[in-house]
Enquirer: 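Can you keep this structure in mind? I'll have questions shortly.
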Number of protein chains: 2
Amino acid sequence: MAIPPAVNRPVGTIERAIEIMEYLKENDTATVSEMTDHLNCAKSTTHRYMKTLAANSLLVEDGNEYQLGIRFLDYGEVARNKYRLYDEAKPRVDELAEETEEKIWCAVEEHGRSVHIYGAQGKHSVQTYARVGHRNYLHQHAAGKAILAHLPDSQITETIDRHGLPGRTPQTITDRDELWEEIEAIRDRGYAFNFQESVEGLHAVGAPITDENDVAIGAISVSGPASRLEGPILRDELPTLLLGVVNEIGINMAHP
Amino acid sequence: MAIPPAVNRPVGTIERAIEIMEYLKENDTATVSEMTDHLNCAKSTTHRYMKTLAANSLLVEDGNEYQLGIRFLDYGEVARNKYRLYDEAKPRVDELAEETEEKIWCAVEEHGRSVHIYGAQGKHSVQTYARVGHRNYLHQHAAGKAILAHLPDSQITETIDRHGLPGRTPQTITDRDELWEEIEAIRDRGYAFNFQESVEGLHAVGAPITDENDVAIGAISVSGPASRLEGPILRDELPTLLLGVVNEIGINMAHP
DNA sequence: ACTCCTGATTCAAGCTACTCGAACAAAACA
DNA sequence: TGTTTTGTTCGAGTAGCTTGAATCAGGAGT
């Protein structure tokens, strides 16, 4: 469950360090000067920050360029392994990719957003912006909407209040009322669709993985080109397949 | 190439934050009190640090327990993708695992230590402490020694000076002269062995991946139970196989 | 060769904001 | 119920973070 991360007096130094990491995630590489323009502080300060981070292997220097160090992998893997879901879902995601020949994602919710913890590609699967570790908005994709619809209303409101409903494509739902209607529909049928709401030309189906208390602990989605994912395949075949899988994972999670 | 990360005046706040992350990596989970015992500061300070980190999704709160957030995956994946080696090596590591039925690792050097960037397991492969993202000492395992032996002498000395030669098993090489002899041997034959030097009962062979300037940009290793990896298999068959693979990767890296 | 520039790096001084300890609240315990 | 342990808040003081200027290193232009 995501508790609103409101801190009374956050440590500025830490937040600025994270700002550096975030910038390097987006831009791959940066110099001290470039980073100074981005942050709002003296160049000497930026320099000291980056040197400190580099000394701890969080950043790697290559001449004057800095980039993220793979030490993050270490932390990331530890974090991922904590989600038992990963172990349970991985083999079935692989199977699904094999079977459907499309792209399969497993996502979890964290702080009101979603994180892709595992993905597998089928023979014909498409490449999108998404990758393992990617965080995005719950309302923008099938797996996210599946999780969102499974939250109690109060938490949905809270999530929307916190993150808003930013658009990504013209099809993305950015209106609160419209989203609530969509949520009702998802609750009725038990799974969510995504009609080009995250990527143009991409359709998807997502279904929630629930624990023994019917709380959504994650979701799985199948996505592919709109031309291929439509009609009965999208409406009936894939949802049936998907529901079987998420059900199975849920049961395995409940009875280790 | 690893430049000695010596910082004049490191930012204490950042280093303490990293200390928290490191502790959580080792211990999976911790409370504010527990962390306060570990760090040397007031409980209120620890509290503020952890709240700040949690507010930025680097930590996740579960009641009073904190653990690493999977936001690290995001950074880790970005970092890993920067190593083109990963893309080139992955398919061949998978093949090797299939072919040898043993555990295969691909590692790179960073700051005088090694990082496993990818691993694949064959049908009979053993599980060890190692996992993706794991950092350890170059002199303690086959892939690491293969990289180490390929460095110029000055950098080897520098690396040893910085990190020392800590032992892991009774077989680990902890004596400088002995290590230099080993390095000579590795240079002569072109690949490295590991006879229970990292894990008791485990043997391995490792060979370096070199770029067009004969600089080692990584290494690949095959490891398995000592009972299975011995005699001609360990001495001839696997090295031949391995050299073919690292050679191929090297060529592909040089001519994209 | 010399100059000019751009960017990294160092340093002392000033003052921000990080650290501390105490006090409070809340939960666990006996 | 009282007691202990834990998380949390807050004001005050000073450690140490920030700053801007000065220095150094490398490259480009003349």
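As the structure is a prediction and not an experimental result, all values here were calculated from the model. Residue numbering restarts at 1 for every chain, and letters A, B, ... go by the order of the sequence lines.
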Enquirer: So if I apply the side-chain hydrogen bond (donor to acceptor under 3.5 Å, both in side chains) rule between B:Glu197 and each of B:Arg168, B:Gln140, B:His139, B:Lys145, which one comes out positive?
Expert: B:Lys145
Enquirer: Could you grab the distance from atom CD1 of A:Ile183 to atom CG of A:Asp153, nearest 0.5 Å is fine?
Expert: 7.5 Å
Enquirer: Figure out the CZ/P separation between A:Arg9 and C:dC18, and round it to whole Å.
Expert: 9 Å
Enquirer: With a cut-off of less than 4.0 Å, is there a side-chain N or O of A:Tyr49 near OP1 or OP2 of D:dT18?
Expert: yes
Enquirer: Please determine whether a side-chain nitrogen or oxygen atom of A:Ser33 lies at a distance below 4.0 Å from atom OP1 or OP2 of C:dT6.
Expert: no
Enquirer: Would you say A:His47 places a side-chain N or O within less than 4.0 Å of OP1 or OP2 belonging to C:dT9?
Expert: yes
Enquirer: Establish whether the base of D:dG7 is bridged to the side chain of B:Lys43 by a donor-acceptor pair shorter than 3.5 Å.
Expert: yes
Enquirer: Return no unless some side-chain N or O of B:Thr31 is found under 4.0 Å from OP1 or OP2 of D:dT6.
Expert: no
Enquirer: Considering only heavy atoms and no angle criterion, is a donor-acceptor pair shorter than 3.5 Å present between the side chain of B:Arg48 and the base of C:dG21?
Expert: no
Enquirer: Output the rounded distance in Å from CD1 (B:Ile20) to C1' (C:dT19).
Expert: 14 Å
Enquirer: Using whole Å, what does the distance between atom P of nucleotide C:dG7 and atom NZ of A:Lys51 come to?
Expert: 17 Å
Enquirer: Would you say the side chains of B:Asn27 and B:His38 form a donor-acceptor pair under 3.5 Å?
Expert: no
Enquirer: Using a 6.0 Å cut-off, check whether atom CG of A:Asn213 has over 12 heavy atoms from anything other than its own residue.
Expert: yes
Enquirer: Verify whether the ring centers belonging to B:His141 and B:His134 lie closer than 6.0 Å.
Expert: no
Enquirer: What is the distance, to the nearest angstrom, from the CD atom on A:Glu65 to the C1' atom on C:dT6?
Expert: 14 Å
Enquirer: Which whole-number value in Å describes the distance from A:Arg16 CZ to D:dG16 C1'?
Expert: 13 Å
Enquirer: Hey, does the side-chain of B:Thr13 have a donor or acceptor N/O within less than 3.5 Å of a partner on the base of D:dG16?
Expert: no
Enquirer: B:Asn40 has an atom CG; how far is it from atom P of D:dA15, in whole Å?
Expert: 17 Å
Enquirer: Which nucleotide, C:dT10, D:dA12, D:dT18, lies nearest any side-chain atom of A:Ser44?
Expert: C:dT10
Enquirer: Whole angstrom is fine here: how far is it from CE in B:Met35 over to P in D:dG7?
Expert: 11 Å
Enquirer: D:dG16 P sits how many Å from B:Ile14 CD1, rounded?
Expert: 15 Å
Enquirer: Give the nucleotide from the list C:dA8, C:dC18, C:dT9 with an atom nearest to the side chain of A:Asn64.
Expert: C:dA8
